**Q** 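The structure is given below, and queries will be raised subsequently.
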Protein chains: 2
Amino acid sequence: MEPPAPRRRVTIVDVARHAQVSTTAVSKVLRNAYGASPEMHAKVRRAIDELGYRPHAGARGLRGQTYTIGVMLPDIRNPFFPEILDGITATLEGTEYQVFLGPGCNGEKAEARVTEAMIDRGMDGIIMIAPVSSRAHLEHVASSVPTVVVGRHGSSPVYDTVADDDIEGASLVVGHLAGLGHRRIAHIEHRETDPTRLAEMPNARRADGYRQAMRAHGLAEWIDVVSTSYTQEGGYQGAKELLDRPHPPTAVFAGADVVAMGVLEAVAEAGLSVPGDVSVAGYDNTTFAALGPISLTSVDQAGYEIGRNAARLLLDRMADRQRPPVRIKLSPALVPRRTTAPPPE
Amino acid sequence: MEPPAPRRRVTIVDVARHAQVSTTAVSKVLRNAYGASPEMHAKVRRAIDELGYRPHAGARGLRGQTYTIGVMLPDIRNPFFPEILDGITATLEGTEYQVFLGPGCNGEKAEARVTEAMIDRGMDGIIMIAPVSSRAHLEHVASSVPTVVVGRHGSSPVYDTVADDDIEGASLVVGHLAGLGHRRIAHIEHRETDPTRLAEMPNARRADGYRQAMRAHGLAEWIDVVSTSYTQEGGYQGAKELLDRPHPPTAVFAGADVVAMGVLEAVAEAGLSVPGDVSVAGYDNTTFAALGPISLTSVDQAGYEIGRNAARLLLDRMADRQRPPVRIKLSPALVPRRTTAPPPE
DNA sequence: CTGGTTTTGGGTAACGTTCCCCACAAGGTG
DNA sequence: CACCTTGTGGGGAACGTTACCCAAAACCAG
């Protein structure tokens with residue numbers, strides 16, 4: 001290996017010279033643009049291969065596109081996101097676009113930083129996954145680059161959205177538990193105060209869906225919601241609070257799988273068994289819900305489909321920025337496992 | 001919101017005009033370059049704020065840097081990587097660099113695609129996490145942009161490396177199990193045939209470490225290695241094979257936590273208990289190893305430290321591309337939990 | 001064969017920065 | 001007071017690509 005590595009990159013000019021044509025011609029071939037004959041195509045492609053030329057994305061961005069798509073994800077740890085990413089990358093596989101992930105790190109400030117960085121780098125499109133940012137910021141981003149928002153329920157005239165129907169998901173869980181004979185079904189939600197988020201964030205919708213479904217099953221009097229956070233610790237605290245009640249619930253619907261993990265811990269600590277004494281259900285059908293020793297009943301969000309649709313919408317919008325915004329809502333499915341069973345007695 | 005959003009981006013020229021100075025001056029302030037007085041700084045900064053100017057990274061890249069660092073990660077699902085990423089982002093937090101993640105999707109071709117894409121976009125530095133690519137490709141990347149390779153043991157004159165001592169990790173596990181009184185300690189490894197990878201990949205080193213440690217504890221005659229893959233399925237198959245032996249092992253050291261999950265499943269299926277009949281240990285100390293119902297004994301790789309060091313090395317190398325390559329090796333730590341105990345009788 | 005349309009190829013000016021110089025002024029030295 | 005430094009500011013040419021236009025050639029109908 002040559003330590004200094006000072007050799008200049010092959011440019012479009014080198015290709016043009018080598019193929020004995022103009023740079024314009026090469027550019028046309030690269031972009032499959034109108035005005036290049038089949039012979040021209042062949043000649044240029046050969047030169048490109050011979051020289052090992054690769055277009056410089058930064059330079060392209062100065063005039064045209066960068067062929068780069070940014071995906072903002074708020075939390076790399078969330079085991080639900082990889083599914084979405086697979087759907088996105090699979091859809092973009094055949095295209096010339098390259099995906100890069102921007103770590104949002106769960107905060108409005110961090111999210112703003114990555115999205116701005118994406119815009120600064122001239123990315124052609126942005127997919128934001130479950131953003132916590134304000135509506136205003138989402139619209140700011142969307143007004144400077146084609147944007148698709150995933151996992152937020154509010155719609156906007158400037159961006160497309162793809163989301164799972166959380167109301168329906170919550171209803172599936174409540175229906176499943178009620179069907180097993182449970183009446184005292186409690187819910188642990190992620191505390192939310194901001195009014196927009198109360199309307200748009202999935203966690204808020206799940207809590208709403210829980211309440212609606214309880215009423216629909218004639219269980220309105222047993223509605224019992226504890227507000228903590230979507231973390232293992234939050235689940236642990238929430239479950240402790242519930243188990244301390246004079247009449248503790250026989251089933252707990254945790255708003256997310258991590259929360260359910262905390263619940264399992266608290267239940268075991270109280271000397272109770274799952275599902276013998278308490279049934280537990282989660283949400284997201286993450287990888288560890290499927291693990292043998294855990295085997296958690298959960299709700300599957302069809303992450304792959306979400307990703308596929310998001311990528312599809314983004315490609316469409318990049319092709320036509322004026323078209324009216326589209327909202328796609330997908331249906332979740334219940335995955336019953338061994339943490340739910342009929343109540344005791 | 002304005003649907004067409006045709007407003008032009010604020011450029012350095014706008015800032016220069018607004019501050020009544022030259023574009024060169026603005027550029028100097030932006031880069032903290034020599035030749036700008038404190039007053040100049042103040043004047044320009046004010047203009048930048050007033051206009052809300054943000055430099056266009058693509059354009060910067062044409063002449064200087066893009067202030068972008070690419071992190072290639074082969075598998076977003078691996079719950080060990082977020083730790084490393086946290087270390088990287090924390091270190092880069094204060095700098096002007098922005099991190100973007102490129103999904104490698106576990107394959108030489110996919111890895112080559114992302115790394116090329118990073119180079120095409122003029123990224124200033126690349127961190128490759130546990131790459132499966134050939135040594136030649138790693139050196140190709142490193143020779144065109146400052147590179148740090150994480151989790152590969154071979155060293156090269158063109159890139160820096162950060163890795164955990166897998167030999168030591170394996171030795172910790174064997175020592176722990178032998179200390180509990182086990183003799184029949186088996187190991188499940190990831191099958192590897194390529195000679196370079198046999199020498200460089202962490203999985204191969206763990207198997208080596210296992211053999212060395214067994215010999216060191218005078219247990220050479222009990223060495224028993226099954227080759228499958230680092231997946232849950234691989235662990236399941238490997239464990240089935242081990243349990244079918246005339247004298248099945250009393251302890252299984254799985255090369256990764258996911259593998260251990262498969263082992264737990266197979267053990268339960270065989271009607272045996274953990275750790276009563278069989279002790280199980282994993283590697284990586286992933287999030288689910290810590291989950292209450294699983295509580296898997298594992299080896300912690302200090303992922304955060306790995307990330308911090310990788311980012312630090314990259315910054316140093318970007319500052320001086322000629323400096324001799326550095327190799328950092330970190331020490332893992334054993335985390336005993338409830339899946340390991342003394343053998344039966 | 002004429003006058004038009006279509007196809008094909010290229011010249012050139014951007015795009016938004018930074019880098020390499022040069023010019024000038026202010027201060028220090030003999 | 002001539003002569004160097006040193007500090008400060010700017011002019012202009014890159015960087016690699018694409019968009020916009022125009023010219024020449026080829027085709028076609030009347």
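Labels below follow one simple rule: chain letters A, B, ... track the order of the sequence lines, proteins then strands, and each chain is numbered from 1. Fair warning: this is a prediction, and the values are worked out from it, not measured in the lab.
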**Q** Who passes salt bridge (charged side-chain N to carboxylate O under 4.0 Å, His left out) against Arg197(B), sequence neighbours left out?
**A**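 Testing Arg197(B) for salt bridge (charged side-chain N to carboxylate O under 4.0 Å, His left out), a comparison that skips the adjacent residues, returns Glu108(B), Glu192(B).
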**Q** Taking 4.0 Å as the cut-off, does a side-chain nitrogen or oxygen of Ser37(B) come that near to OP1 or OP2 on dG9(D)?
**A** yes
**Q** I'd like to check Leu315(B) versus Leu92(B) (side-chain heavy atoms, cut-off strictly below 4.5 Å). Are they in contact?
**A** yes
**Q** Output the rounded distance in Å from CD (Glu39(A)) to C1' (dA26(D)).
**A**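 After rounding, the gap between these two atoms is 13 Å.
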**Q** Starting at atom OH of Tyr34(A), determine the distance to atom P of dA19(D), rounded to an integer number of angstrom.
**A** 16 Å
**Q** Just how far, in rounded Å, is P of dT8(D) from CG of Asn32(B)?
**A**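 About 14 Å, once rounded to whole Å.
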**Q** Output the distance between atom NZ (Lys109(B)) and atom NE2 (His137(B)), rounded to the nearest 0.5 Å.
**A** 13.0 Å
**Q** Among residues 43-50 of chain A, which ones have heavy-atom contacts with DNA chain D below 4.0 Å?
**A**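 Result for residues 43-50 of chain A: none.
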**Q** Between the two ends of the helix from dC1(C)-dG30(D) to dG30(C)-dC1(D), what is the bend in degrees, rounded to 10 degrees, where each end axis spans five pairs?
**A**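 Computed from the C1' atoms at both ends, the axes differ by 40°.
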**Q** About how many Å separate CZ of Arg9(A) and OG of Ser144(B), when rounded to the nearest 0.5 Å?
**A**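 Result: 8.0 Å between the selected atoms.
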**Q** Hey, could you give me each pair passing side-chain hydrogen bond (donor to acceptor under 3.5 Å, both in side chains) that has a residue in residues 308-317 of chain B? Not counting sequence neighbours.
**A** Asp160(B)-Arg317(B), Glu305(B)-Arg308(B)
**Q** Does any non-hydrogen side-chain atom of His18(B) lie less than 4.5 Å from one of Tyr53(B)?
**A**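 They are not in contact (no side-chain heavy atoms under 4.5 Å apart), so the answer is no.
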**Q** Reading nucleotides 12-18 of chain C from the 5' end, what letters show protein touch, with B for base, S for backbone sugar-phosphate only, - for no heavy atom under 4.0 Å?
**A** B-BBBBB
**Q** Quick test of your reading: applying salt bridge (charged side-chain N to carboxylate O under 4.0 Å, His left out), list the pairs with at least one residue in residues 41-55 of chain B, sequence neighbours left out, ordered by first then second residue.
**A**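 For residues 41-55 of chain B, and leaving out neighbouring residues, the salt bridge (charged side-chain N to carboxylate O under 4.0 Å, His left out) pairs sorted by first residue read Glu116(A)-Arg54(B), Asp120(A)-Arg54(B).
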**Q** Atom CE of Met40(A) to atom C1' of dT7(C): distance rounded to whole Å?
**A** 12 Å
**Q** Does either side chain, that of Thr68(A) or that of Gln98(A), offer a donor lying less than 3.5 Å from an acceptor on the other one?
**A** no
**Q** Please round to the nearest 0.5 Å and tell me the distance separating atom CE of Met72(B) and atom CD1 of Ile129(B).
**A** 7.5 Å
**Q** Are the charged groups of Arg31(B) and Glu96(B) less than 4.0 angstrom apart, N to O?
**A** no
**Q** Test Asp164(B) against every option in Ile306(B), Val150(B), Ile328(B) by the side chain to side chain contact (heavy atoms under 4.5 Å, CB included) rule and name the one that passes.
**A** Ile306(B)
